[in-house]
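Following: one structure in structure tokens, then a few remarks.
These figures come from a predicted structure and were not determined experimentally. Values below: every heavy atom of this structure, side chains too, minus hydrogens, waters and symmetry copies.
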Amino acid sequence: MDWDKLRVFHAVAEAGSFTHAGDTLNLSQSAVSRQISALEEALQVPLFHRHARGLILTEQGESLNRTVREVFAKLAMTEALLTESKEKPAGRLKITTTVGFGASWLAPRLHGFLDAYPDVSVTLLLDDGDLDLAMREADVAIRMHPPKQPDLVQRHLMAIHWQVVASRAYLDKHGSPAGPEALDDHKLVLFGEHHPPVSDMNWLAEAGRKVGNPRRPLLEVNSLSAMLAAIQSGIGIGALPDYMAKEASGLVRILPELKSPRIDVYFVYPEELRNSKRVAVFRDFLLARLQEMA
């Protein structure tokens with residue numbers, strides 16, 4: 001099988017159309033189509049079902065794409081390790097973490113890392129789901145749970161706790177709850193149930209109540225940043241991760257004695273990158289920044 005044709009096939013399989021794959025590869029749609037037809041002819045099997053809305057992999061195409069994806073992932077890993085400078089960290093580092101942590105805590109601090117290591121470029125992938133590190137969807141991950149894959153190296157970074165907060169304007173108008181039971185008389189802002197990045201995000205809805213009998217929130221939103229903005233505007237009371245609440249302006253902490261769930265945060269990367277200088281210096285950078293928060 002021709003490597004160039006396999007590269008085109010993989011791009012088409014991931015994009016789902018000749019046009020989008022051509023844009024990625026800087027080839028015309030007709031050139032992409034010819035490469036796929038030639039590959040199908042060489043293999044004597046159809047790789048795609050063609051229909052008006054795009055392309056769907058056949059069973060044979062699915063099988064080939066799984067193998068090709070793994071091969072290209074391993075090649076990318078090898079290339080990164082070979083090109084990394086022996087003297088200093090260099091090359092691209094793909095980092096993934098949750099939207100909330102990445103946007104509010106990590107992104108504002110990355111300038112310090114990039115200033116210290118100018119030969120490293122960063123791609124930050126914010127996703128509340130877990131990208132596949134073994135398939136090189138990212139190099140390293142900051143995750144709010146232990147890794148589920150057995151072949152990943154993990155380092156515990158920190159423990160996150162929640163703070164119950166409200167704006168001064170809200171408290172001046174509605175008063176401050178004397179205890180968790182008093183939250184029944186207040187307006188709540190919750191994350192909602194649309195793919196929450198960690199479990200127990202809406203623990204405040206049941207604080208001071210029997211399990212299985214949550215309060216109804218005034219506002220549900222699937223973004224911690226939007227929750228923060230809503231709480232700052234005076235809509236209601238909400239629980240935010242301490243790394244976010246501590247640095248936000250215009251918030252008053254309430255019910256500090258209320259026990260909240262704990263989130264353990266891990267730095268995770270594939271075994272193949274154990275000796276990568278880029279990974280090592282980024283890990284040390286994280287630990288130093290987190291130590292400053294302690």
Side-chain angles (χ1 to χ4, degrees), residues 1-84 90-99 102-103 106-107 110 114 119-141 149 151-152 194-195 197 222-223 225 268-270 272-273 276 278-279:
M1 286 182 282
D2 184 277
W3 278 105
D4 288 334
K5 291 183 176 63
L6 288 176
R7 182 172 63 92
V8 172
F9 163 76
H10 180 59
V12 174
E14 297 299 309
S17 79
F18 292 144
T19 301
H20 292 151
D23 292 340
T24 301
L25 299 168
N26 198 27
L27 295 172
S28 67
Q29 179 181 347
S30 59
V32 172
S33 179
R34 285 195 302 272
Q35 292 275 55
I36 296 300
S37 295
L39 182 59
E40 289 178 320
E41 184 177 344
L43 295 174
Q44 293 294 296
V45 294
L47 298 173
F48 294 97
H49 295 298
R50 293 157 173 83
H51 60 88
R53 290 173 296 176
L55 301 171
I56 299 176
L57 285 165
T58 63
E59 185 177 350
Q60 297 94 332
E62 288 277 8
S63 178
L64 179 60
N65 194 43
R66 281 194 297 270
T67 301
V68 170
R69 185 188 291 127
E70 184 174 347
V71 168
F72 279 115
K74 294 296 184 182
L75 285 172
M77 178 81 75
T78 302
E79 180 185 20
L81 292 172
L82 290 174
T83 57
E84 187 166 25
R92 184 172 67 152
L93 183 65
K94 290 197 290 185
I95 305 162
T96 183
T97 189
T98 60
V99 176
L106 181 57
L110 278 178
L114 295 171
D119 293 322
V120 177
S121 62
V122 166
T123 298
L124 184 58
L125 304 169
L126 303 185
D127 195 319
D128 287 338
D130 287 352
L131 299 186
D132 192 337
L133 301 188
M135 295 305 299
R136 294 288 291 171
E137 291 182 342
D139 297 316
V140 301
Q149 293 174 265
D151 55 344
L152 297 179
H194 183 74
H195 304 305
N222 65 331
S223 162
S225 297
V268 183
Y269 55 93
E272 294 98 317
L273 291 179
S276 168
R278 287 166 299 149
V279 171

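Listed by first and then second residue, the side chain to side chain donor-acceptor pair (under 3.5 Å) pairs involving residues 31-49 are E40-R50 (not counting sequence neighbours).
Under the rule for a side-chain contact (heavy atoms from CB on, under 4.5 Å), A42 has no partner lying at least two apart in sequence or in another chain. Partners of T58 according to the side chain to side chain donor-acceptor pair (under 3.5 Å) rule, which considers only residues two or more places apart in sequence or in another chain, are Q60. Take H20 and apply the side-chain contact (heavy atoms from CB on, under 4.5 Å) test, not counting sequence neighbours, and it matches A15, S17, D23. Listed by chain and number, the residues in a side chain to side chain donor-acceptor pair (under 3.5 Å) with R69 are E14 (sequence neighbours excluded). Scanning for side-chain contact (heavy atoms from CB on, under 4.5 Å) contacts around S28 gives S30, A31, with sequence neighbours left out. With sequence neighbours left out, the ring pair (Phe, Tyr, Trp, His ring centres under 6.0 Å) criterion links Y269 to F267. Partners of Q29 according to the side chain to side chain donor-acceptor pair (under 3.5 Å) rule, which considers only residues two or more places apart in sequence or in another chain, are T19. With sequence neighbours left out, S63 forms a side-chain contact (heavy atoms from CB on, under 4.5 Å) with R66.
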Under 3.5 Å, which donor-acceptor pairs do the side chains of residues 3-11 form with other protein atoms, sequence neighbours left out?
unit_1	atom_1	unit_2	atom_2	d
H10	ND1	N65	OD1	3.2

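For the pair D139 and R92, the tightest heavy-atom approach, listed with the atom from each and the gap, is OD2-O, 3.7 Å.
Counting non-hydrogen atoms of neighbouring residues, nucleotides and ligands closer than 6.0 angstrom, the CG atom of D151 exceeds 12 such neighbours.
A 4.5 Å side-chain heavy-atom check between L106 and I95 finds at least one atom pair inside the cut-off. Residues L126 and T97 have side chains in contact (heavy-atom distance under 4.5 Å, counting atoms from C-beta outward). D127 is not listed as a side-chain neighbour of L125, based on a closest heavy-atom distance of 4.5 Å or more.
Of the inter-residue distances, the one linking L64 atom CG with L43 atom CG reads 6.5 Å to the nearest 0.5 angstrom. Note that CG of L124 is 10.0 Å distant from CG of L93, once rounded to the nearest 0.5 Å. If you take CD on E59 and CG on L47, they are separated by 12.5 Å, rounding to the nearest 0.5 Å. To the nearest 0.5 Å, atoms CG (L133) and NZ (K94) are separated by 10.0 Å.
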Next item on the list: Could you please spell out the steps behind the side-chain contact (heavy atoms from CB on, under 4.5 Å) verdict for F48 and L57?
Entry: CA-CA 4 Å; F48 294 97; L57 285 165; 3.4 Å; yes
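The closest donor-acceptor contact from the side chain of D128 to the backbone of V99 lies under 3.5 Å.
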